[in-house]
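I have placed the structure first, in the form of structure tokens, so that the comments after it can refer back to it.
Remember, it's a predicted structure, so these values are computed and weren't measured experimentally.
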Amino acid sequence: MSFLGLVVYLSFLYIGGLSEEDSRPDDVHIGAIFSFGTINGRVAKIAMNAAVEDVNSDPSVLGGSKLVLSTHDSNYSSFLSIIGGLLYMETKTVAIIGPQVSGMAHVLSHFANELHVPMLSFTALDPSLSSLQYPYFIQTAPNYLFQMTAIADMVSYYGYREVVVVYTDDEEGRGSIIALRNKLAERRCEISYKAVLSPESLTTQEEITNELVKVSLMESRVIVVHAFSVVGLRVFELARKLRMMEEGYVWFATTWLSTMLDSTPGDIKDAKSIQGVLTFRPHTPVSKKREAFTSRWNKLSNGLIGLNPYGLYAYDTIWMIANAVKVLLDSGGKISFSKDSNLNGLAGGALNFSALSMFNEGSRLLRNILHTNMTGLTGQIAFDSDKSVIRPSYDILNVMGKGYKQIGYWSNHSGLSVVPPEILYSKAPNRSSSNQQLDHVVWPGQTTVKPRGWVFPHNGRKLRIGVPYRVSYKAFVWKDEKTNKIHGFCIDIFLAAINLLPYAVPHKFILFGDGHKNPGYTELTSMITSNAFDAVVGDIAIVPNRSKIVDFTLPYIESGLVVVAPIRKLNSSAWVFLRPFTPLMWGVTGAFFLIVGVVVWILEHRINDEFRGLPKKQCVTILWFGFSTMFFAHRENTVSTLGRMVLIIWLFVVLIITESYTASLTSILTVQQLAPSIRGIESLITSNDHIGFQVGSFVENYLSEELDIAKSRLVPLGSPEEYADALTRGRVSAVVDERPYVDLFLSKYCMFQVVGQEFTNSGWGFAFPRDSLLAMDMSTAILTLSENGELQKIRNKWLNTRTCGHSEDPNQLRLKSFRGLFLICGLACFIALLVYFGSMVHKFKRYISQESEPSTQNGSKSLRIRRFLSFVNEKEEESKSKWKRKHRSSTGMQRHESGIER
């Protein structure tokens, strides 16, 4: 190489080195916006200054450049936060740490987007700030989405279903509670009430007290407090005065409480006000770096404030920015600013917006920050695709006075555990319920017994319980018309379960239905969702479509569907002719044949020779005449008016009875010939036979929708009597119903039977709103009733389904169907006999007055009775002739005596 070439080469090297050196600025400016009077503001300021000092003391980080941190105290003012952000964007600041609260982060993020200045915050943790709407805003600590997930996991872990939230009405509070609501919903839990407080500077003691009083009247006793430390502490102090920090309550506090306990425990005036509270603290794994910084803290803070995890995040945030700037500069990037062309039209104004500068390398610096992969005081630092820090985790603390006991950890990897998250991250994720574990908790009230988490609300309103107004199978539910009280098998079980609960449940039963037919049970159940009822009690089958809208208790009785059909008799009995009448009907009918025979004999005996003769002949005549009227074949004529009246009425009764007997016997024989061969639900499906079902039950929908049976084949039936009548008369070939109903039916009607197997397997339960805590306690009570035998006792009381002693065949004619006819006939006989004997007594008096012997007229009573019976037994013509002879004899003697006297 020539000398000239060497000179040129060295010149280029010199100029290039000079250019590279000039590309590195002397100072790299970053800003911080905080309220430095707050706990996190004070801790962050100390930690950030320490980090800046450590960065500048290490020449390998920024080379010859110096990191300069400017701080702006917003002094609790949102307006001053905005001013601070604008000032930094005028002074060539490459990154801004803050603001402290999410409300201002939402505003300043729009400036950051426009001017390409990355903003990093470890305290503005509203989940919505991680969205794509704010690309230049980075949360360097786990946002509240993860903390709300941890709370939801704990609520589910302890078996609670409803929570009350107390929070301030600002962006951070609203966004966090939305996240909590969504996470609770994923676990079938919910927020039952929101106690919304004014933002920190506007909150008053009266407002907090009013909200806490409302909370105390709520059903849920699980309360989450999400606020800044000043408001949060006042909430607990007032809650203790209202006796809400006693046994039975469950309190969760977000990270504000652990921050206060770590940094300023002296600010807590009444330690009992937070006794038993569960709180969270961002988890930072133990490391030499963290221990070294912790040992420096007292010197850095002069012992004025304790270190909390957000101080560690503040320290790491400075290092994140420093490393990102290092990558930018090492890759040949420059720190330069330019005017934003969008602001040119605003020049000259009093606000001078045109002075705001756009950071030209802002997008590269942002990318470097998001690609951070380092180990800091808080552990491994990196971001996922959603700009969220990786491996978010929390310590779970149980507050004990002004201190706390750690009861476990939460991580997004494995949920709740007693093992540090950094150990679990080396294993496969496992969020199964069996893997969730925490240590024992000392709850408010100094108890280690897990609170139930809810009470019956103290709002003075009784539980509205819907009850089906049944018209059949009243053993399950029925109304006493005299007292208007509700009774039955289902009601007794409900009351027995309620009595086992450790708290009172005021309630009232409300009948559902018109009392003329059984109500629709699906409609009744759906009225819980419309808030017409708070629960439904009765013979409610647990079926899928109902379980989608309500929660059921555990079944208190099994209830599968079965098919009922007539017992098929291939050969008629030799005594089938006796079936049309019940035994009582046979007995009464036979007795009336004898009675009518005797009555007619009495009425005809004195005047009709056909009813006279030897005693044996007269008995035969009575029997023959009485039973021959069945066929209208009596040959004896009746001559008395009374006898003819009785006979006409009796023949009418006989006509009705014989015609009814004929029809019933014909029906019995016909049904035996036509009885279908039903073997179960399978044969019913393939046939075209009609099928009966109970009105109001789910059977109709099940048969038509699940088994695809045409609705035209389904016949609604309302009572056991209708079942029996429809089956015996062939209106339906079979009836499909639930087992408890069928058992009661078969205990009364033994000519039917269950055919085939049960083809569903369900039960009856009490219905409550979705995720009802009372439903869970009632299920436990039902289990207790089953274990102690009380459930079986109640069943024996109401559902005594012993085998029936005799069959009540619906084809049989019962006495009650003919009692009117028998009553008319009996009255006719009685009246006829009364008139007859009255006439006989009158005639006997006339007859006996003509007796010549005074001794006969004044004889004993027994003699007179014998004479009367003898008189009645005599033929009327003989009595008249005797009377005439005696009358003539008496007249002749009188004439003879008068002649002698002359």
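- Within a 6.0 Å radius of CG in Asn484, other residues, nucleotides and ligands contribute more than 12 heavy atoms.
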For residues 782-790, dump all side-chain donor-acceptor pairs below 3.5 Å to protein atoms at least two apart in sequence or in another chain.
unit_1	atom_1	unit_2	atom_2	d
Thr784	OG1	Thr780	O	3.0
Asn788	OD1	Glu790	N	2.9
Asn788	ND2	Thr784	O	3.3

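- Not one N or O on the side chain of Thr553 forms a donor-acceptor pair closer than 3.5 Å with the backbone of Ala775.
- Without hydrogens or angle criteria, Arg713 side chain to Ser687 main chain gives a donor-acceptor distance under 3.5 Å.
- Atom OH of Tyr469 is separated from atom NE2 of His516 by 8.5 Å, given to the nearest 0.5 angstrom.
- The number of heavy atoms from other shown groups lying within 6.0 Å of CG (Asp480) is above 12.
- Looking only at side-chain heavy atoms (C-beta outward), Lys485 and Lys479 stay at 4.5 Å or farther from each other.
- Two residues are said to be in side-chain contact when any heavy atoms from C-beta on lie closer than 4.5 Å; Gln694 and Glu722 fail this criterion.
- At a cut-off of 3.5 Å, with distance as the only test, no side-chain donor of Asn518 or Tyr473 sits close to an acceptor on the other residue.
- When all heavy atoms of Leu717 and Gly692 are compared, the closest pair comes out as CD1-CA, 3.9 Å.
- Of the possible polar contacts, none joining the Arg739 side chain to the Glu558 backbone as a donor-acceptor pair under 3.5 Å is found.
- Partner Phe494 forms a ring pair (Phe, Tyr, Trp, His ring centres under 6.0 Å) with one of Tyr556, Phe489, Trp764, Phe766 and no other, that one being Phe766.
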Would you sort out whether Leu501 and Met778 count as a side-chain contact (heavy atoms from CB on, under 4.5 Å), showing the intermediate values? CA-CA 8 Å; Leu501 299 181; Met778 287 292 288; 4.0 Å; yes

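- The minimum heavy-atom distance between Pro740 and Ser559, with the atom names listed, is CD-OG, 3.7 Å.
- The minimum heavy-atom distance linking Ile649 with Cys825 is given by the pair CG2-CA, 4.0 Å.
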Stepwise side-chain contact (heavy atoms from CB on, under 4.5 Å) test for Met527 and Val550: CA-CA 10 Å; Met527 294 188 73; Val550 297; over 6 Å; no

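- The shortest distance between side-chain heavy atoms of Pro555 and Ser762 does not fall below 4.5 Å.
- Leu463 has its side chain within reach of Leu774: a pair of non-hydrogen atoms, C-beta onward, lies under 4.5 Å apart.
- We find the CD1-CD1 distance between Ile685 and Ile691 to be 8.0 Å, quoted to the nearest 0.5 Å.
- Within the model, atoms NZ of Lys711 and CG of Leu703 stand 11.0 Å from one another, a figure rounded to the nearest 0.5 Å.
- Taking the six-membered ring where the residue is Trp, the centroids of Tyr741 and Phe745 are separated by 6.0 Å or more.
- Val563 and Ile681 get closest at one heavy-atom pair: CG2-N, 3.9 Å.
- With contacts defined as side-chain heavy-atom distances shorter than 4.5 Å, the pair Val543/Asn701 does not qualify.
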List the steps, then state whether side-chain contact (heavy atoms from CB on, under 4.5 Å) holds for Leu746 with Val754. CA-CA 9 Å; Leu746 295 182; Val754 173; 3.6 Å; yes

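- Rounding to the nearest 0.5 Å gives a distance of 9.0 Å between OG1 of Thr522 and CD1 of Ile540.
- Here the straight-line distance linking atom CZ of Phe752 with atom CG of Leu727 works out to 5.0 Å at 0.5 Å rounding.
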Would you please test Ile542 and Ser547 for side-chain contact (heavy atoms from CB on, under 4.5 Å) and show each step? CA-CA 7 Å; Ile542 303 173; Ser547 298; 3.7 Å; yes

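- The closest side-chain heavy-atom distance from Ile528 to Phe768 is not below 4.5 Å.
- A pairwise comparison of heavy atoms in Leu500 and Ala781 identifies CD1-O, 3.6 Å as the closest pair.
- In this structure the side chain of Glu682 never reaches within 4.5 angstrom of the side chain of Phe759, judged on heavy atoms.
- Residues passing the salt bridge (charged side-chain N to carboxylate O under 4.0 Å, His left out) test with Asp539 are Arg470, sequence neighbours excluded.
- Taking each heavy atom of Arg731 and His690 in turn, the nearest pair found is O-CB, 3.5 Å.
- Formation of a donor-acceptor pair under 3.5 Å by the Asp514 side chain with backbone atoms of Lys517 is found in this model.
- Between the side chain of Thr760 and the backbone N or O of Leu561 there is at least one donor-acceptor pair closer than 3.5 Å.
- For the pair Ser779 (side chain) and Leu554 (backbone), a donor-acceptor distance under 3.5 Å is present.
- The distance from atom CD1 of Ile465 to atom CZ of Phe509, rounded to the nearest 0.5 Å, is 5.0 Å.
- The closest side-chain heavy-atom distance from Val536 to Tyr521 is not below 4.5 Å.
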